[in-house]
Protein chains: 2
Amino acid sequence: MHKNALVRDLLKEKQSELTAAERKLSAVLLDDSLLSGLQSITRLAELAEVSSPTIIRLARKLGFEGFSDMQGAIRNEIGARMKQPLAKLDAQAPTDSRGHIVSRFIEAVSGNINRTLERLDLAEFDQVAALLSDPSRRLYLLGGRITRSNAHYFFNHLQIIRPQVTLLDSSPSVWPQSLLDMDADAVLIVFDIRRYEKELEKLANLAVAQGASIVLFTDAWGSPIENYARFCFRAMVEVPSSWDSTLAINFLIEALVAEVQSRSSVQSADRIAALEQMIGESRIFRSN
Amino acid sequence: MHKNALVRDLLKEKQSELTAAERKLSAVLLDDSLLSGLQSITRLAELAEVSSPTIIRLARKLGFEGFSDMQGAIRNEIGARMKQPLAKLDAQAPTDSRGHIVSRFIEAVSGNINRTLERLDLAEFDQVAALLSDPSRRLYLLGGRITRSNAHYFFNHLQIIRPQVTLLDSSPSVWPQSLLDMDADAVLIVFDIRRYEKELEKLANLAVAQGASIVLFTDAWGSPIENYARFCFRAMVEVPSSWDSTLAINFLIEALVAEVQSRSSVQSADRIAALEQMIGESRIFRSN
DNA sequence: TTTTTTCTGTAACCTTTACTTCAAAGCGCG
DNA sequence: CGCGCTTTGAAGTAAAGGTTACAGAAAAAA
């Protein structure tokens, strides 16, 4: 019975029946594709911070005679996986012959991120990081219908890291007020993927006219805002879905956050500490 | 010295210096990509039809302390070969010897996504997709300080695809009003990664008490809300940054959006068409 | 051939391993 | 609070592990 089943699947399948220590162990095993299961039971026990009996109990729970038996199965499993040309998400395809949506999705997404990075100019990335770390700059973030979430995510982090960060409202009617403040020190970070929104372009145009610098995040085809942008990141967005994927854009955002944080760490340490305290004090929904 | 070199290369390199029995052993090892070297020395000896001392002598000849030492190297080697990164941005490293932040980031992120998917239960994924596609369900989304953006992103799409989707306000003081409506038909989608927020747990608890089902997105360590959740997705979030990465979570969201969309496509087609029209009519910032 | 050198397996060695037992710790429940 | 129950690791054991020493086998040199 267990001869056919893969240890990995068994682990996932019986996850709910596992105890706390067993789940800890299971996490360690799954964490590196069962590879840690090839060590001696003692080492594995130390690595997973459980005792060796726990390991044996888990092995038995999965249907093996003991640890050695399971280890043999793991070795076979890894061997089988290695002989496959490309180790991609093993398509078990329970419902669909062309593979589960998750399998197809991960394939597309990894391609998107890869190609986005291929086109990424690291020097440009560094320049943008420097720009966003400059405390004398004022940052404004703006997104479209869908990309507003990305703008919000970026804003969320930047606002904690440094002062002078503004997320523009989703309603264009209140933009003019912010526009007033955009001078040569201002940086407008715009997200605009298809379908490109005319309002965004209009605002970008006006901002540039006032001297602001624009950092644009767009898709492979390029928003019309490219013409006004000082810096431009193009990300791949196509996936097997009715919707575009902004994962590559999110990747760029997170990498920028990391870099801006490390460049601003000295100044932002106090800022974050102060924030933590304010959060603690202003907790409304008391949890006592 | 031999720390860097691969066992496989060492074997081929020193082939000429090997004795007959050693060469027989080497052939067996190379034959299945060193995989047979993961067994016990006794089994390997039987398989290669040599004695165990021969194995030790070969290991020493290659520069290892003994069989165990070589076996460890083999394990690492196989591990390295298996976890071929989703993307290995060929390190150009212009400024930093340890690689550009983007390179280090992509490595961490691809690992995170891969490991998140390994732990993902596809059946659970499908169940959640079905749940979210059910028009008789009312959906409520809730995120923490950082994950609010993810909740917003999810909301943004779900709201277009189907009716009865609500994004809970970031301020807990107005939650009770929404809580009133959460009965057995309600689905509360919660995002809670470290540092876990007590307010979220409290709300989840109350929602469950009213009969609502909870779908939880959390990190590898697991939010306390797990105890109340009907479905739980655990994503890996660690990256070389002061901040956690929610990219794996975003991946799950996008995959779910794709699946929910395809399941609801019939009903949602009209909805999207209607929406498009409304957007066209209500454009404020006219582009003449 | 004999002598010398190199190679290889057997048998002993001690260490580590996988596994069992058992008691303490944790946990839910009345 | 104590009561069961489950979960967990410490201690102990028998077996298998890796390693060593040594002697015979094979090959090379004389």
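Every chain is numbered from 1, with letters handed out A, B, ... down the list of sequences. Only heavy atoms go into these numbers, but all of them, side chains included; no hydrogens, no water, no symmetry mates.
When rounded to the nearest whole Å, the span between CZ of A:Arg57 and C1' of D:dT7 equals 7 Å. Rounded to an integer number of Å, the gap from B:Phe67 CZ to C:dC14 C1' is 18 Å. Separating the CG atom of A:Leu58 from the P atom of C:dA18 is a distance of 15 Å, rounded to the nearest angstrom. Atom-to-atom, CZ of A:Phe64 to P of C:dA18 comes out at 15 Å; the value is rounded to the nearest Å. At whole-Å resolution of the value, CD in B:Gln39 and C1' in D:dA16 are 15 Å apart. Per the geometry, CD1 belonging to A:Ile41 stands 15 Å off C1' belonging to D:dA14, to the nearest Å. Distance, B:Asn227 CG to C:dC27 C1': 13 Å, rounded to whole Å. Atoms CG (A:Leu38) and P (C:dA18) sit 12 Å apart, rounded to a whole Å.
Heavy atoms of other residues, nucleotides or ligands lying less than 6.0 angstrom from CD of B:Glu49 number 12 at most.
Counting atom types as modelled, B:Arg43 pairs no side-chain N or O with a base atom of D:dG17 as donor and acceptor under 3.5 Å.
Under the 4.5 Å side-chain criterion, counting only non-hydrogen atoms from C-beta, B:Thr246 is not in contact with B:Phe217. With contacts defined as side-chain heavy-atom distances shorter than 4.5 Å, the pair B:Leu203/B:Glu199 does not qualify.
When the options B:Ile78, B:Leu29, B:Ile74 are evaluated for a side-chain contact (heavy atoms from CB on, under 4.5 Å) with B:Leu35, the one that passes is B:Ile78.
Contacts between residues 18-26 of chain A and DNA chain D, counted as heavy-atom distances below 4.0 Å, involve A:Thr19, A:Ala20, A:Ala21.
The residue B:Thr42 sits close only to the backbone: its heavy atoms come under 4.0 Å of sugar-phosphate atoms, none of a base.
Not one side-chain nitrogen or oxygen of B:Thr54 sits closer than 4.0 Å to the OP1 or OP2 atom of C:dT8. Not one side-chain nitrogen or oxygen of A:Ser68 sits closer than 4.0 Å to the OP1 or OP2 atom of C:dA18.
Taking every side-chain heavy atom of A:Ser40 into account, C:dT17 is the closest of D:dG9, D:dT19, C:dT17. Set against C:dG9, C:dC19, C:dT17, the side chain of A:Ile56 has C:dC19 as its closest nucleotide. Nearest to the side chain of B:Arg60, among C:dT10, C:dC19, D:dT19, sits D:dT19.
Comment: B:Asp183 engages B:Arg138 in a salt bridge, judged by a side-chain N to carboxylate O separation of less than 4.0 angstrom. Looking at A:Lys61 and A:Glu17, no side-chain N of the basic residue comes within less than 4.0 Å of a carboxylate O on the acidic one, giving no salt bridge.
For B:Ser133, the side chain to side chain donor-acceptor pair (under 3.5 Å) test picks out no residue, with sequence neighbours left out.
Summary of the strand contacts: B:Ser51 and A:Gln71 both lie near DNA chain C, and taking for each the nucleotide with the nearest heavy atom, the more 5' one is attributed to B:Ser51.
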